[in-house]
Amino acid sequence: MRVAIIIGSVRQGRFGPTAARWIQERAVRRGDLDVDVIDLAEAWLPAVLTDACVPPAVRDLRPWLAQAEAFVIVTPEYNRSFPASLKNAIDWYRDEWRGKPVAFVAYGGESGGRHAVEQLRPVFAYLGALHAGEPVLFRHHETPSDLDAERLLDSLKETS
């Protein structure tokens, strides 16, 4: 199964790459998952949606999303929600999400990012993505267990 791990924050000094690396390391150990990491800070998606023409950055990212059979969204929690950069990336695409399992790794605040996940679930449900398992949350510098990662990765396969 091809899994795309998407780093949703584009802020300087963000924790997202660390959390993405953590789940990526556990995913590649399994041998049954092919993993791509997509960092929105490097994707340079335009902030303004347009119907006129598809910008090159959007065209460039589309095949990576289309080839993925499942997604792990790595998101911070900002003000009890998820970042605009992630919403922007979600909104540029539609068919790429449909019918595919989406799982979450979140961080931030006392909730460990749970509020961001609660906001993301209905967005992905509306787009026809499939909810996969419970999120993995990074709380106050606590690292989730390998068992948490295995449950998350198993849920992607079970949902597909």
At what distance, to the nearest 0.5 angstrom, does CG of Leu33 lie from CD of Glu69? 9.5 Å
Is Ile73 reachable from Ile90 through a run of hydrophobic residues whose side-chain heavy atoms are each under 4.5 Å from the next? yes
Linked, directly or transitively: Tyr107 and Leu152 (ILVMFWY side chains, under 4.5 Å): yes
Is a side-chain N or O of Arg59 found less than 3.5 angstrom from the main chain of Val54, in a donor-acceptor match? yes
Under the salt bridge (charged side-chain N to carboxylate O under 4.0 Å, His left out) criterion, do Lys157 and Asp154 qualify, and how do the steps go? CA-CA 5 Å; Lys157 294 193 81 170; Asp154 285 343; over 6 Å; no
Enter the distance from Asp95:CG to Leu127:CG here, rounded to the nearest 0.5 Å. 10.0 Å
Just wondering, more than 12 heavy atoms not from Arg80 lying within 6.0 Å of its CZ? no
N/O donor-acceptor pair under 3.5 Å between Glu96 side chain and Ala66 backbone: no
Can you tell me how far apart NE2 (His131) and OG (Ser155) are? Round to the nearest 0.5 Å. 7.5 Å
Shared hydrophobic cluster, Phe82 / Leu45 (ILVMFWY, side-chain heavy atoms < 4.5 Å): yes
Between Ser85 and Asn88, a side-chain donor and acceptor under 3.5 Å: no
Exercise: identify the closest heavy-atom pair between Leu156 and Ala70: CD2-CB, 3.9 Å
Should Val10 and Val105 be counted in the same cluster of Ile, Leu, Val, Met, Phe, Trp and Tyr side chains packed under 4.5 Å apart? no
CG of Leu86 to CG of Asp91, rounded to nearest 0.5 Å, is 9.5 Å
Under 4.0 Å between a Lys/Arg side-chain N and an Asp/Glu carboxylate O for Arg26 and Glu150? no
To the nearest 0.5 Å, atom CE of Met1 lies from atom CG of Asp32 at 9.0 Å
Close side-chain approach of Arg121 and Pro135, heavy atoms under 4.5 Å: yes
Sub-3.5 Å donor-acceptor pair from the side chain of Trp92 to the main-chain atoms of Pro46, do we have one? yes
Where do Arg11 and Ser9 come nearest, in terms of heavy atoms and distance? N-OG, 3.3 Å
Taking every non-hydrogen atom, the tightest pair across Val74 and Ala19: CG1-CB, 3.8 Å
Ignoring hydrogens and angles, tell me if any N or O in the side chain of Tyr93 forms a donor-acceptor pair with the backbone of Val58 under 3.5 Å. yes
With a 4.5 Å limit on heavy-atom distance, are the side chains of Arg29 and Leu153 in contact? no
With Phe71, which of Trp97, Phe124, Phe104 fulfils ring-ring contact (aromatic ring centres under 6.0 Å, His included)? Trp97
With clusters defined by side-chain heavy atoms of hydrophobic residues (ILVMFWY) lying less than 4.5 Å apart, directly or transitively, does Val3 cluster with Ile7? yes
I'd like to know if the side chain of Glu118 and the backbone of Ala116 have a donor-acceptor N/O pair within less than 3.5 Å. no
Quick one: do Arg114 and Glu77 satisfy salt bridge (charged side-chain N to carboxylate O under 4.0 Å, His left out)? Show the steps, please. CA-CA 8 Å; Arg114 183 171 296 282; Glu77 180 178 314; over 6 Å; no
Contact check, side chains of Val136 and Trp22, non-hydrogen atoms, under 4.5 Å: yes
What residue among Asp36, Val37, Leu65, Val102 forms side chain to side chain contact (heavy atoms under 4.5 Å, CB included) with Ile6? Leu65
When every non-hydrogen atom of Ala68 is compared with those of Lys100, the smallest separation belongs to O-NZ, 2.8 Å
Kindly give the heavy-atom pair with the smallest separation between Pro83 and Gly8, and that separation in Å. CG-O, 3.6 Å
What pair of heavy atoms forms the shortest contact from Gln119 to Ser81, and how long is it? CG-OG, 3.7 Å
Separation between CZ of Phe138 and CG of Asp148, rounded to the nearest 0.5 Å: 9.5 Å
